[in-house]
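When reading the values below, keep in mind they use all heavy atoms of this one structure, side chains included, and skip hydrogens, waters and symmetry mates.
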Amino acid sequence: MTLLSEDQSVRPQPCRISEPGKHISTSLHQDSTDCNGSNVDYVDSVEDSVFGAVEPHRRSRGRLILHGLVMFGREFCYAVEAAFVTPVLLSVGLPQSLYSLVWLISPILGFLLQPIIGSASDYCRSPWGRRRPYILALGILMLVGITLFLNGDAVISALVRDRSLKSIWAIVVVMFGVVLFDFAADFIDGPIKAYLFDVCSHEDKERGLHYHALLTGLGGACGYLVGAMDWGHSTLGRLFGSEYQVIYFFSALTWGIFLTVHLFSIPEQPLGKAPSPSDSPSSPLRLLSSHSNSYGALKEPVSAVVSASVTDLRPRSFSALGEANSVTSSVKQPNKEDQKKMTFRLLIKAIVNMPSHYRCLCVSHLLGWTAFLCNMLFFTDFMGQIVYKGNPYADHNSTAYATYERGVEVGCWGLCINAVSSALYSYVQRFLLSYIGLKGLYFMGYLVFGLGTSLIGLFPNIIATLVLCSVFGVMSSTLYTIPFNLIAEYQREEEQQLKLHGSNKSPRGSGMDCAALTCMVQLAQIIVGVGLGALVNAAGSVIVVVLSASTMSLLGCIFIVLFIRYVE
């Protein structure tokens, strides 16, 4: 497909097609020769007009911010879950032996199913667009999950009188809510990024990803702050019944509003829908479609090229499965399926056959998220045991346990610093980009995080640890933006190469590529959940957590230098 990088006003304009009833092929040939002197010039102008209708318009800053508000709401709910999942599970009596089950079910499901959903969204033919139906469905599942997670105990207490049954049902409902929320919140990231790529020009993709990272950091900070407040003794706490219900009210309200704003922020064109006449008033596509039932009626020599251009008029984000499945244009055959039935086997084959630079990007993303999750999932416990020297296994009325709780609270403030620094760094990235490029930013994020976490592990001081929490935000912002920016660069390069070689192949689909990247988050969580607990038990100290995070991050630095390809 073509990318329009020049001002349309200075490009050759398509000439007027002859009156209805005249021979289309002859009139095309004559008009193109009269106006431009050659058939080639006319074909170029036709291509500009046709693909100009496909290339998304530039988006205003306000539109991009409205589009990115969904990341604020998502991270707000994520922060609430991170702050309260352990207290809620403990309060309903979940045995410690089942903790790993809670954290493993969601990433395993995500790793297996997310590429299918991401790739399937590339072919969604909903009148509302390709991505928004998936985003809406997953957003509703997120809301249901957090409702069960924060209110499951209260609901079961009101419905079940038997004490033993009440405990069992409360555990089941709360666990199901946690798994459902994690599942939907992890899945929704891929369609959100693909939605941004579909409706924005190349320049706006970069701006949009920066706003996503900024709002992600702000949302996490607000979520942690809401969780740090004592709502139980407030007016709202007495009104709603408990602290958890107050936090649920803020979470549900924030998520509902920002999800709605996101879905209506930028219109999305349905798959296979031809541009309206208003999109391209002088387009030959509009004139030809009003006088011909089939583009195959056009004759050689010029008509063949025009027909090829017209039949390639489809969204620029198609899955690589389209090549394997011989995608047929919906314009050319509107009453037939435009691809074969998608199967898991074909999907796995498409992922395995990814270009090497896409695969290397996924590996580096896996290393980065493994390092980040090693630190984040156990950071509050590290603060309580190593920095504050408390004991989580001591009696709850002992000084050692109170010291541990104090460390956990301070650890929450450290995570808040992480969220704020993530938002600030996402803004600074835009200024650093012109100096060191995307690959430089990618390397620097991993390096800063690796050095910072190693210093925390070697010198566990309260003030130093809180100050170094800012490096977590550098890594968070890097993981949320740079890999997706590289995906956009790779896709632009592929589109330009296809145009240069005159190929009619469809470029890789952003839905599947974004989903493949997001799958690495689930795989990293599986690795951390399975391996890190055993590593801590073998080492006998939680300090191995931050040292493991540092090691994985520095390995990621080496991998980025050696294997990540940068597109100029």
Side-chain angles (χ1 to χ4, degrees), residues 1-15 28 32 36 38-58 122 194 196-206 269 271-272 274-275 279-280 282-285 288 295 298 300-332 338 353-358 438 485-513 565-568:
M1 305 296 288
T2 188
L3 278 176
L4 300 182
S5 57
E6 300 178 11
D7 190 350
Q8 293 294 331
S9 61
V10 300
R11 304 289 296 272
Q13 299 298 319
C15 301
L28 281 171
S32 61
N36 298 306
S38 71
N39 295 340
V40 175
D41 291 339
Y42 177 74
V43 172
D44 288 340
S45 67
V46 169
E47 182 180 330
D48 290 340
S49 178
V50 171
F51 289 100
V54 177
E55 179 70 13
H57 300 294
R58 291 299 303 270
D122 284 334
L196 176 70
F197 288 179
D198 288 348
V199 299
C200 290
S201 64
H202 180 76
E203 293 81 1
D204 288 339
K205 291 176 187 178
E206 180 183 323
Q269 183 173 311
L271 180 62
D279 292 336
S280 182
S282 60
S283 171
L285 173 64
L288 287 173
Y295 295 110
L298 299 179
E300 297 284 4
V302 178
S303 58
V305 183
V306 176
S307 178
S309 300
V310 172
T311 56
D312 275 336
L313 183 60
R314 42 190 172 178
R316 297 186 299 114
S317 174
F318 267 72
S319 169
L321 288 174
E323 299 177 14
N325 294 344
S326 300
V327 177
T328 304
S329 172
S330 59
V331 178
K332 192 171 181 179
D338 66 343
N353 293 331
M354 290 176 73
S356 59
H357 51 284
Y358 283 93
L438 281 175
N485 267 320
L486 286 171
I487 284 283
E489 292 288 348
Y490 293 160
Q491 289 180 346
R492 182 175 71 161
E493 180 190 52
E494 183 180 354
E495 290 168 351
Q496 290 175 339
Q497 289 178 351
L498 290 175
K499 178 186 175 184
L500 182 64
H501 294 90
S503 174
N504 58 358
K505 285 185 177 180
S506 298
R508 291 183 57 83
S510 61
M512 193 185 70
D513 291 335
R565 184 165 67 83
Y566 178 60
V567 180
E568 291 293 341

J.: What distance do Phe197 atom CZ and Asp204 atom CG have between them, rounded to the nearest 0.5 Å?
T.: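 Going from CZ on Phe197 over to CG on Asp204, the span is 12.0 Å.
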
J.: List the atom of Lys205, the atom of Ala488, and the distance in Å for their closest heavy-atom pair.
T.: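 So the two residues come closest at CD-CB, 4.0 Å.
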
J.: Output yes when Glu494 and Lys499 qualify as a salt bridge under the 4.0 Å nitrogen-oxygen rule, no when they do not.
T.: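 Lys499 and Glu494: not salt-bridged.
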
J.: Answer yes or no: is there a side-chain heavy-atom contact under 4.5 Å between Leu438 and Glu489?
T.: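 Yes, their side chains come closer than 4.5 Å.
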
J.: Would you compute the distance between atom CZ of Arg492 and atom OG of Ser201 and round it to the nearest 0.5 angstrom?
T.: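 Arg492 CZ to Ser201 OG: 10.5 Å, rounded to 0.5 Å.
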
J.: Donor-acceptor pair, distance only, cut-off 3.5 Å: does the side chain of Tyr490 make one with the backbone of Asn485?
T.: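 Answer holds: no.
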
J.: Walk me through it: do Leu500 and Gln496 pass the test side-chain contact (heavy atoms from CB on, under 4.5 Å)?
T.: CA-CA 6 Å; Leu500 182 64; Gln496 290 175 339; over 6 Å; no

J.: Would a 4.5 Å heavy-atom cut-off, applied to side chains only, mark Arg565 and Tyr358 as touching?
T.: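 The answer is no; the side chains never approach within 4.5 Å.
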
